[in-house]
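Structure first, then comments.
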Amino acid sequence: MLSDFAEVVLSYAETVPAGRVTTYGSIADAIGRGSARNVGQVMSSHGREVPWWRVVRANGSLPSFLIVDAQEHWIEESTPTRLGAVDVAHAFWSGN
DNA sequence: CGTGTGACTGGGC
DNA sequence: GGCCCAGCCACAC
């Protein structure tokens, strides 16, 4: 059973288009609930059901145990990256 | 109801 | 560039 909060976070993640990314803090901001940490917690427990590689840290990175898999997706979706992390300045998606 | 926890973040040094 | 720290807030105990 997912909490309402988790459901909102996951559905937002689903709306991020391929080749683009959004950040933990931005999601919390966009949905008007919780904080970046909460979003991270949701991704930790339920991220497997959504395109989790399109949800990154504010600096474009992800925790080490995911970075390798994420890079494969980024390459496949032509997401702009730089030094192994997403180039947030170019790939950031604000819900538009 | 109090505490601890965390795929986080921005600021200070 | 890096490290440390306080603030953040939903959730499980």
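The sequence lines fix the lettering, A, B, ..., with proteins before strands; numbering per chain opens at 1. What's counted below: heavy atoms across the whole structure, side chains too, no hydrogens, waters or symmetry copies. This structure is a prediction, so every number in the text was calculated from the model and none was measured.
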So side-chain hydrogen bond (donor to acceptor under 3.5 Å, both in side chains) across residues 14-25 of chain A, not counting sequence neighbours, yields A:T23-A:S26
What is the separation between atom CG on A:D29 and atom P on B:dT9, rounded to the nearest whole Å?
11 Å
Quick check on contacts: within residues 45-53 of chain A, what sits under 4.0 Å from DNA chain B by heavy-atom distance?
A:G47, A:W52
Test side-chain hydrogen bond (donor to acceptor under 3.5 Å, both in side chains) applied to A:N59 - qualifying residues, sequence neighbours left out:
A:S61
Not counting sequence neighbours, which residues clear side chain to side chain contact (heavy atoms under 4.5 Å, CB included) with A:S3? List them please.
A:F5, A:A6
Spacing between A:F65 atom CZ and B:dG6 atom P, to the nearest angstrom:
12 Å
Please check: side-chain N/O of A:W74 versus main-chain N/O of A:W53, any donor-acceptor pairing under 3.5 Å?
yes
Restricting to salt bridge (charged side-chain N to carboxylate O under 4.0 Å, His left out), what partner residues turn up for A:E76, sequence neighbours left out?
none
Please tabulate, one pair per line, all N/O donor-acceptor pairs under 3.5 Å involving side-chain atoms of residues 89-96 of chain A, not counting sequence neighbours.
from: A:H90; atom 1: ND1; to: A:D87; atom 2: OD1; distance (Å): 3.4
from: A:H90; atom 1: ND1; to: A:D87; atom 2: OD2; distance (Å): 2.9
from: A:W93; atom 1: NE1; to: A:N96; atom 2: O; distance (Å): 3.1

Check: A:S11 side chain, A:E7 main-chain N or O, donor-acceptor pair, under 3.5 Å:
yes
In whole angstrom, give the distance that lies between atom CG of A:N59 and atom P of C:dC3.
13 Å
Check whether any side-chain heavy atom of A:V9 sits under 4.5 Å from a side-chain heavy atom of A:H46, and report yes or no.
no
If we take the P atom in both C:dC13 and B:dA7, what is their distance in whole Å?
16 Å
Do any of residues 77-96 of chain A sit with a heavy atom less than 4.0 Å from DNA chain B, and if so which?
none
Non-neighbouring partners of A:A28 that pass side chain to side chain contact (heavy atoms under 4.5 Å, CB included), sequence neighbours left out
A:V39
Given atom CD1 of A:I27 and atom P of B:dT9, what is their separation to the nearest angstrom?
10 Å
Got a sec, which pairs hit salt bridge (Lys or Arg N to Asp or Glu O under 4.0 Å) with one end in residues 42-70 of chain A, sequence neighbours left out?
A:R54-A:E77
Detail all sub-3.5 Å separations between protein N/O atoms and N/O atoms belonging to nucleotides 9-13 of chain C.
from: C:dC9; atom 1: O4'; to: A:S35; atom 2: OG; distance (Å): 3.4
from: C:dC9; atom 1: O4'; to: A:N38; atom 2: OD1; distance (Å): 3.0
from: C:dC9; atom 1: O2; to: A:N38; atom 2: ND2; distance (Å): 2.6
from: C:dA10; atom 1: OP1; to: A:G34; atom 2: N; distance (Å): 3.4
from: C:dA10; atom 1: O4'; to: A:N38; atom 2: ND2; distance (Å): 3.3
from: C:dC11; atom 1: OP1; to: A:S3; atom 2: OG; distance (Å): 2.2

Under the side-chain hydrogen bond (donor to acceptor under 3.5 Å, both in side chains) test, residues paired with A:N38 that sit two or more places apart:
A:S35
Spacing between A:L66 atom CG and B:dA7 atom P, to the nearest angstrom
10 Å
